Enquirer: 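Dumping the structure here so I can ask a few things about it.
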Amino acid sequence: MGDVPTRRPYRQAKPPARSAPSRPQRGRWSDAQAYAALDLGTNNCRLLIARPQGGGFAVVDAFSRIVRLGEGLATTGRLSDAAIDRTIAALRVCADKLKRRNVTLSRAVATEACRRAANGPAFIARALAETGIHLDIISAEEEARLAVLGCHALIEPGEDPALIFDIGGGSTELVLVDTRGPNPRILDWHSAPWGVVSLTESAGGGEGEAGRLEAYARMRGIVADSVAPFAARLPIDLRRPRLLGTSGTVTTLGSVHLGLSQYDRAAVDGLIVPTAAMRAISADLSRKSLAARGKVACIGPERADLVVAGCAILETILDLWPAERLGIADRGIREGILRRLMGIARP
């Protein structure tokens, strides 16, 4: 398939499964029923609003903001006041969109940062009181299942098992799936407690190129130790599965690979890239200073300090499963939530 993007339609939508926390106001937007999915991660707050259309659904609105909810969590065990304030501000924007888009069915989930933080429940209560959005703190297993449900349509065709991985801010989920049936069947899964934020705060940094490379090797070693039990229990004939990555890391590196001046979801979602190219980009970024990384198109100052940790996680995965190609998905948990709300079969 080379570098040709894959385009596949969403599956047939069925009646929804749950109601939104509050009834939205009707306005000038269409009165057709809308669904919404909100994913609050350790680094990002992302919202997707869609309506059933034909054999699938059409996205009518979206929102994404880097909030760094888990900033400092690795050292304090708590969500900071500043991080909470940033996140509440983003959730207010989401709440406004839910009302304006006539959303009647929705689900909002929180992941690793809220699972770890001692004040996670208090933050959830404040978010509900101030924005009207109820956040479910989901388990790592449900997070993995939602990611699979949201992106499995982009797995390259084949009979052997495929490996889907989601590099998040606070954790990385890896899921081995059997794709021979109409819906993927999960064979095994693993959640590593390292994402771009937690790994950067625990092992990143370094002065000069030598120091940066030392930190990069340290991060790769930490991730390798964490993922090793999962790799060891897979049969030998499953060590080279088809790979599909869904996360800011792989979409960012895919953009760099394409030489994009700014991010373009249509160009990146469904892209198949040589893993050698992703390794070369990762190696180059690991040597660059923070300022130099910030000048790279599609990385910029907001992602410059975290992208190297993502590269370390990606390269470790490629060490363990040395595939020749990597599929890239700019879809995952939010799309998985929408499919569940619309009654799509679960993996």
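The structure displayed is predicted, hence computed values, not measured ones.
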Enquirer: In Å and rounded to the nearest 0.5 Å, what is the CG to CD distance from Leu149 to Glu335?
Expert: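 Answer for the CG-CD pair, Leu149 versus Glu335, is 10.0 Å.
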Enquirer: Would you please test Arg242 and Asp160 for salt bridge (charged side-chain N to carboxylate O under 4.0 Å, His left out) and show each step?
Expert: CA-CA 8 Å; Arg242 291 164 287 153; Asp160 295 332; over 6 Å; no
Enquirer: Using atom types as modelled, flag every donor-acceptor pair under 3.5 Å from a side chain in residues 114-126 to any protein atom, sequence neighbours excluded.
Expert:
residue : atom : partner : partner atom : Å
Arg115  : NE   : Glu112  : OE1          : 3.1
Arg115  : NH1  : Ile138  : O            : 2.8
Arg115  : NH1  : Glu143  : OE1          : 3.1
Arg115  : NH2  : Glu112  : OE1          : 2.6
Arg115  : NH2  : Glu143  : OE1          : 2.8
Arg116  : NE   : Glu112  : OE2          : 2.6
Arg116  : NH2  : Glu112  : OE2          : 3.4
Arg116  : NH2  : Gly170  : O            : 3.1
Arg116  : NH2  : Pro193  : O            : 2.5
Asn119  : OD1  : Leu79   : N            : 2.8
Asn119  : ND2  : Leu79   : O            : 3.0
Arg126  : NE   : Glu130  : OE2          : 2.8
Arg126  : NH1  : Asp85   : OD1          : 3.4
Arg126  : NH2  : Asp85   : OD1          : 3.0

Enquirer: Calculate, to the nearest 0.5 Å, the distance between atoms CG and CD1 belonging to Leu154 and Ile272 respectively.
Expert: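 One gets 7.5 Å once the value is rounded to the nearest 0.5 Å.
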Enquirer: Do Leu135 and Leu73 share a hydrophobic cluster, counting only Ile, Leu, Val, Met, Phe, Trp and Tyr and linking them when any side-chain heavy atoms are less than 4.5 Å apart?
Expert: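 No, separate clusters.
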Enquirer: Take Cys151 and Leu244, measure what side chain to side chain contact (heavy atoms under 4.5 Å, CB included) needs, and give me the verdict at the end.
Expert: CA-CA 9 Å; Cys151 72; Leu244 178 65; 3.8 Å; yes
Enquirer: Does Lys288 form a salt bridge (charged side-chain N to carboxylate O under 4.0 Å, His left out) with Asp284? I'd like the steps, not just the answer.
Expert: CA-CA 7 Å; Lys288 288 183 181 296; Asp284 179 58; 3.8 Å; yes
Enquirer: Is there a chain of hydrophobic side chains (I, L, V, M, F, W, Y, each step under 4.5 Å between heavy atoms) that links Ile84 to Ile66?
Expert: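 Ile84 and Ile66: separate clusters.
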Enquirer: Heavy-atom distance under 4.5 Å between the side chains of Leu234 and Leu176, does that happen here?
Expert: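 In short, these two side chains touch, coming nearer than 4.5 Å.
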Enquirer: Let me confirm one number: the CZ-CG distance from Arg265 to Leu271, rounded to the nearest 0.5 Å.
Expert: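 Interatomic distance, Arg265 CZ to Leu271 CG, rounded to 0.5 Å: 12.5 Å.
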Enquirer: Just by distance, do the side chain of Arg101 and the backbone of Val60 share a donor-acceptor pair under 3.5 Å?
Expert: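 Side chain of Arg101 to backbone of Val60, a donor-acceptor pair under 3.5 Å: yes, one is there.
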Enquirer: What pairs with Thr87 under side-chain hydrogen bond (donor to acceptor under 3.5 Å, both in side chains), at least two apart in sequence or on another chain?
Expert: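 Checked Thr87 against side-chain hydrogen bond (donor to acceptor under 3.5 Å, both in side chains); zero matches.
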Enquirer: Going by heavy atoms in the side chains, are Arg65 and Val93 under 4.5 Å from each other?
Expert: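 In contact.
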Enquirer: Mind checking the CZ-CG spacing from Arg303 to Asn43? Nearest 0.5 Å is all I need.
Expert: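 Output value for this atom pair is 8.5 Å.
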Enquirer: Is there a side chain to side chain contact (heavy atoms under 4.5 Å, CB included) between Leu69 and Val197? Walk through the geometry before answering.
Expert: CA-CA 10 Å; Leu69 179 60; Val197 175; over 6 Å; no
Enquirer: Any heavy-atom pair between the side chains of Leu285 and Leu253 that's under 4.5 Å?
Expert: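 The answer is yes; the side chains approach within 4.5 Å.
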Enquirer: Compare all side-chain heavy atoms of Val227 with those of Trp321 and state whether any distance is below 4.5 angstrom.
Expert: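 Val227 vs Trp321: side chains touch.
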Enquirer: Answer yes or no: is there a donor N or O on one side and an acceptor on the other, between the side chain of Arg293 and the main chain of Gly300, under 3.5 Å?
Expert: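 No; judged by distance alone, with no hydrogens or angles, the pair does not exist.
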Enquirer: Between Arg325 and Pro274, is there a donor-acceptor pair closer than 3.5 Å when you use the side chain of the first and the backbone of the second?
Expert: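 Here the side-chain-to-backbone pair does not exist.
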Enquirer: Could you pull out every donor-acceptor pair under 3.5 Å between side chains of residues 308-317 and any protein atom, sequence neighbours left out?
Expert:
residue : atom : partner : partner atom : Å
Glu315  : OE1  : Arg279  : NH1          : 2.8
Glu315  : OE2  : Tyr216  : OH           : 2.8
Thr316  : OG1  : Ala312  : O            : 2.7

Enquirer: What do the steps show when you test Val67 against Leu40 for side chain to side chain contact (heavy atoms under 4.5 Å, CB included), and what is the final call?
Expert: CA-CA 9 Å; Val67 295; Leu40 177 60; 4.2 Å; yes
Enquirer: Check Arg220 with Asp319, please: is the shortest side-chain N to carboxylate O separation under 4.0 Å?
Expert: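 Yes, charged N to carboxylate O under 4.0 Å.
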Enquirer: Which value, rounded to the nearest 0.5 Å, describes the distance between His190 atom NE2 and Asp188 atom CG?
Expert: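 With rounding to 0.5 Å, NE2 (His190) is 9.5 Å from CG (Asp188).
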Enquirer: Provide the closest heavy-atom pair for Leu326 versus Gly245 in the form atom of the first, atom of the second, distance.
Expert: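 That closest heavy-atom pairing would be CD1-N, 3.9 Å.
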Enquirer: Which atoms form the tightest heavy-atom contact between Thr200 and Asp305, and what is the distance?
Expert: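 Looks like CG2-O, 3.5 Å.
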Enquirer: Run the side chain to side chain contact (heavy atoms under 4.5 Å, CB included) test on Ser202 and Ile222 for me, step by step, so that the C-alpha distance in whole Å, both residues' side-chain angles and the decisive distance to 0.1 Å come before the verdict.
Expert: CA-CA 10 Å; Ser202 297; Ile222 289 171; 5.5 Å; no
Enquirer: Taking atom CD of Glu214 as the centre, report whether more than 12 heavy atoms of other residues, nucleotides or ligands fall under 6.0 Å from it.
Expert: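 No.
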Enquirer: So do the side chains of Leu163 and Val175 get within less than 4.5 Å of each other, counting heavy atoms only?
Expert: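 With C-beta onward as the side chain, the pair stays apart.
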Enquirer: Can you measure from CZ (Arg145) to CZ (Arg340) and round to the nearest 0.5 angstrom?
Expert: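 Answer for the CZ-CZ pair, Arg145 versus Arg340, is 7.5 Å.
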Enquirer: Count I, L, V, M, F, W, Y as connected when their side-chain heavy atoms are under 4.5 Å apart, and connections chain through other members. Are Ile337 and Val59 then in the same cluster?
Expert: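 Same hydrophobic cluster.
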Enquirer: For the side chain of Arg212 and the backbone of Gly205, is there at least one donor-acceptor N/O pair under 3.5 Å apart?
Expert: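 Answer holds: no.
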Enquirer: Show the nearest heavy-atom pair for residues Ala95 and Ile133, with the distance to one decimal.
Expert: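 That would be N-CD1, 3.8 Å.
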Enquirer: So Trp189 and Glu141, do their side chains get closer than 4.5 Å, heavy atoms only?
Expert: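 When only atoms from C-beta onward are counted, Trp189 and Glu141 do touch, with a gap below 4.5 Å.
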Enquirer: Please give me the minimum heavy-atom distance between Ser64 and Asn44, naming the atom from each residue.
Expert: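 Scanning both residues completely, I find the closest heavy atoms to be OG-OD1, 4.4 Å.
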Enquirer: Without hydrogens or angle criteria, can the side chains of Asp136 and His134 be said to hold a donor-acceptor pair below 3.5 Å?
Expert: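 Yes.
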Enquirer: Given 3.5 Å as the limit, does a donor-acceptor pair link the side chain of Ser286 with the main chain of Ala283, or not?
Expert: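 Answer holds: yes.
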Enquirer: Would a hydrophobic clustering, with Ile, Leu, Val, Met, Phe, Trp and Tyr connected at side-chain separations under 4.5 Å, put Ile299 with Leu199?
Expert: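 They do share one cluster, since a chain of ILVMFWY contacts under 4.5 Å joins Ile299 to Leu199.
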Enquirer: Is it the case that one hydrophobic cluster holds both Leu213 and Met219, taking links as side-chain heavy atoms less than 4.5 Å apart, direct or via other members?
Expert: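 The answer is no; the residues belong to distinct hydrophobic clusters.
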Enquirer: Verify, without hydrogens or angle tests, whether Ser226 (side chain) and Ala192 (backbone) share a donor-acceptor contact under 3.5 angstrom.
Expert: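 Not at all, since once roles are kept as given, no pair shorter than 3.5 Å links the two residues.
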Enquirer: Using only atom types and a distance under 3.5 Å, with no angle test, would you say the side chain of Thr131 pairs donor to acceptor with the backbone of Leu128?
Expert: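 No, because the side chain of Thr131 does not come within donor-acceptor range (under 3.5 Å) of the backbone of Leu128.
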Enquirer: Taking all atoms of both residues into account, what is the closest heavy-atom pair of Ala323 and Thr275, and its distance?
Expert: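 Reported closest heavy-atom pair: O-OG1, 2.7 Å.
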Enquirer: Knowing that exactly one of Asp166, Asp269, Asp39 qualifies, which makes a salt bridge (charged side-chain N to carboxylate O under 4.0 Å, His left out) with Arg331?
Expert: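 The passing option is Asp269.
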Enquirer: Please check: side-chain N/O of Asp178 versus main-chain N/O of Arg180, any donor-acceptor pairing under 3.5 Å?
Expert: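 Between the backbone of Arg180 and the side chain of Asp178 there is a qualifying donor-acceptor contact (under 3.5 Å).
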Enquirer: Nearest heavy-atom pair of Cys298 and Leu260: which atoms, and what distance?
Expert: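 Closest heavy-atom pair between Cys298 and Leu260: SG-O, 3.6 Å.
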Enquirer: Using side-chain heavy atoms (C-beta onward) and a distance below 4.5 Å, is Phe165 in contact with Val250?
Expert: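 In contact.
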Enquirer: Is the shortest heavy-atom distance from the side chain of Tyr35 to the side chain of Leu48 under 4.5 Å?
Expert: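 No. Closest side-chain heavy atoms not under 4.5 Å.
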